[in-house]
2 protein chains.
Amino acid sequence: MAGMQATNTAGYDAPIGLTADPVVFTLLDGRLCVLLARRLEEPQRGLFALPGGFVGSSEAPEQTAERKLREKTGVGSVHLEQLRTYADPVRDPRGWLPTIAYMALVRPETLPEERPVDRDASWHPLDALPELALDHAVIVDDGLWRLHARVADKVWFVRKALALLTEPFTLRQAQQLYEALRGEEVDAANFRRDVRATGLLEDTGALRSEGPGRPGRLYRRA
Amino acid sequence: MAGMQATNTAGYDAPIGLTADPVVFTLLDGRLCVLLARRLEEPQRGLFALPGGFVGSSEAPEQTAERKLREKTGVGSVHLEQLRTYADPVRDPRGWLPTIAYMALVRPETLPEERPVDRDASWHPLDALPELALDHAVIVDDGLWRLHARVADKVWFVRKALALLTEPFTLRQAQQLYEALRGEEVDAANFRRDVRATGLLEDTGALRSEGPGRPGRLYRRA
DNA sequence: TCAAAAGTGTTCCTGGTACACCCATGG
DNA sequence: CCATGGGTGTACCAGGAACACTTTTGA
């Protein structure tokens, strides 16, 4: 099968298709995870892979990524950011098959209980990834890199990442999320100052106690 | 012709091809310019467009961008950075035809005197662009955005952008380049401090006088 | 009453901007 | 000698990192 390709009417070489692969992150039990699903088709059937698939001919690739995500994992509408395109002619044994990679960050509950069987769609901690199909390990890596870059921007963090928390939330929850996404610890005092300085948080006035210690104020995204 | 597509052996929809479009910038007479060439084929024959073309089936898209650049404009090997992929199914009237865009920054002499006829391959100042084919105006815009982001990084500027100057050069030349790329003026004292702080410049010891005023020191990239 | 967490304030450092000021050259 | 640009130094400001210190809870 290797080296297969198509030729269009104008006589140009054409890829055998175009795929879109979403790299979807979440935070589960304090660990950063990616969403993976088993391949049901050859090649590499049974291996874990990004839950992407073929772009239809009258479809925007972002829509494909979203649709495949829904079909393979049950995850609903999310905001996808284009990562980059992988088009090495030998990246897929089926033939010339470029893929456009996307990145998203969602809450873990977005992955529903009732979901397609046989696919084992599930969250995998980044520090314990299984073997991945094709070049998907590289794509996940690039996605992680992009995620780190985004999170470094406090405004992006408050607007996008804090959507992972159920409102209202304490600043401690926000900080734990931040630290998990960044992969490093930060000073609590500075974190609270920075995040409140964005002006994007709304103080609900209520308090909540989590374990020992003084209860924390509850916030909502403005 | 609209809506044309291909179907591969596995029954999936396939694009009618894949193109690679390089957005090549240079500085000419103090103005930031892009490299454009006229289309010799339908659709939109005669319109200016990015000097890209179809990716061959056993070719990495970066190679295609480089090859097309050479064929259409005579511009030799350059370092291309992937920008993003445009895959809207209706972006090209010929049918479903995604393109991967690349960005580069080269010296104006890279465009040779003897070059393919009929194509009018030439530099066009960004503030006076002709009508562009397809969605190429958007692509140029995204390229410019990326260029600004890159130049903001002093180290990138010294390593990549300063290659546009013929060595040795004065810091004033470097500053004028910087200002043209950024599109805004900067303080000369601060610029020289920042750029020397990178440690990537080598003082040749020689001086050069350009017009009135004290002659400037000549530098080389280390 | 003690540990743990919330919350406030201060210091320090760094990177960038603005700008004052001297030096060297051509006209 | 003066306009012009090269070159040095300094003051200032903003954002971030480190940390001291107070407050409020559960055990």
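Residue numbers start from 1 in every chain, and the chains themselves are labelled A, B, ... in the order their sequence lines are given, proteins ahead of strands. For clarity, every value in this text was computed on a predicted model and none was experimentally measured.
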Return the value, rounded to whole Å, for the distance between atom [atom1] of [X] and atom [atom2] of [N].
X        : N      : atom1 : atom2 : answer
A:Glu210 : D:dA27 : CD    : P     : 13 Å
B:Leu171 : D:dG6  : CG    : P     : 9 Å
B:Gln173 : D:dG5  : CD    : P     : 14 Å
B:Asp187 : D:dT10 : CG    : P     : 16 Å
A:Leu207 : D:dT25 : CG    : P     : 7 Å

Report which part of the nucleic acid [X] touches: base, sugar-phosphate, or nothing (heavy-atom distance under 4.0 Å, all strands).
X        : answer
B:Arg192 : base
B:Arg196 : sugar-phosphate
A:Arg172 : sugar-phosphate
B:Arg193 : base
A:Ala189 : base

_Regarding B:Glu179 and B:Arg182, does a basic nitrogen lie under 4.0 Å from an acidic carboxylate oxygen?_
no
_With heavy atoms of chain B within less than 4.0 Å as the criterion, where does contact along DNA chain C begin and end?_
C:dT17 to C:dT25
_Crowding at CD, B:Glu185 (>12 non-hydrogen neighbours, <6.0 Å)_ =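 No, not enclosed.
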_Need to verify one output field. Residue with the more 5' nearest nucleotide on DNA chain D, B:Arg214 or A:Asn190?_
B:Arg214
*Could you check B:Arg217 against B:Gly213 and say which one's nearest nucleotide on DNA chain D is further toward the 5' end?*
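Upstream on the strand: B:Gly213.
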_Backbone N/O of B:Leu181 and side chain of B:His148: donor-acceptor pair under 3.5 Å_ = yes
*Ignoring hydrogens and angles, tell me if any N or O in the side chain of A:Asp29 forms a donor-acceptor pair with the backbone of A:Arg31 under 3.5 Å.*
no
*What's the spacing between A:Phe169 CZ and A:Leu171 CG if we round to 0.5 Å?*
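Going from CZ on A:Phe169 over to CG on A:Leu171, the span is 7.5 Å.
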*Find which nucleotide of DNA chain C each of B:Pro212 and A:Gly216 is nearest to by heavy atoms, and output the residue with the more 5' nucleotide.*
A:Gly216
_Closest contact, heavy atoms only, B:Asp21 versus B:His136_ =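 Heavy-atom minimum between the residues: OD2-NE2, 3.6 Å.
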*asked:* Using the ring centroid of each side chain, check whether B:Phe157 and B:Tyr178 are separated by less than 6.0 Å.
replied: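 Ring centroids of B:Phe157 and B:Tyr178 are less than 6.0 Å from each other.
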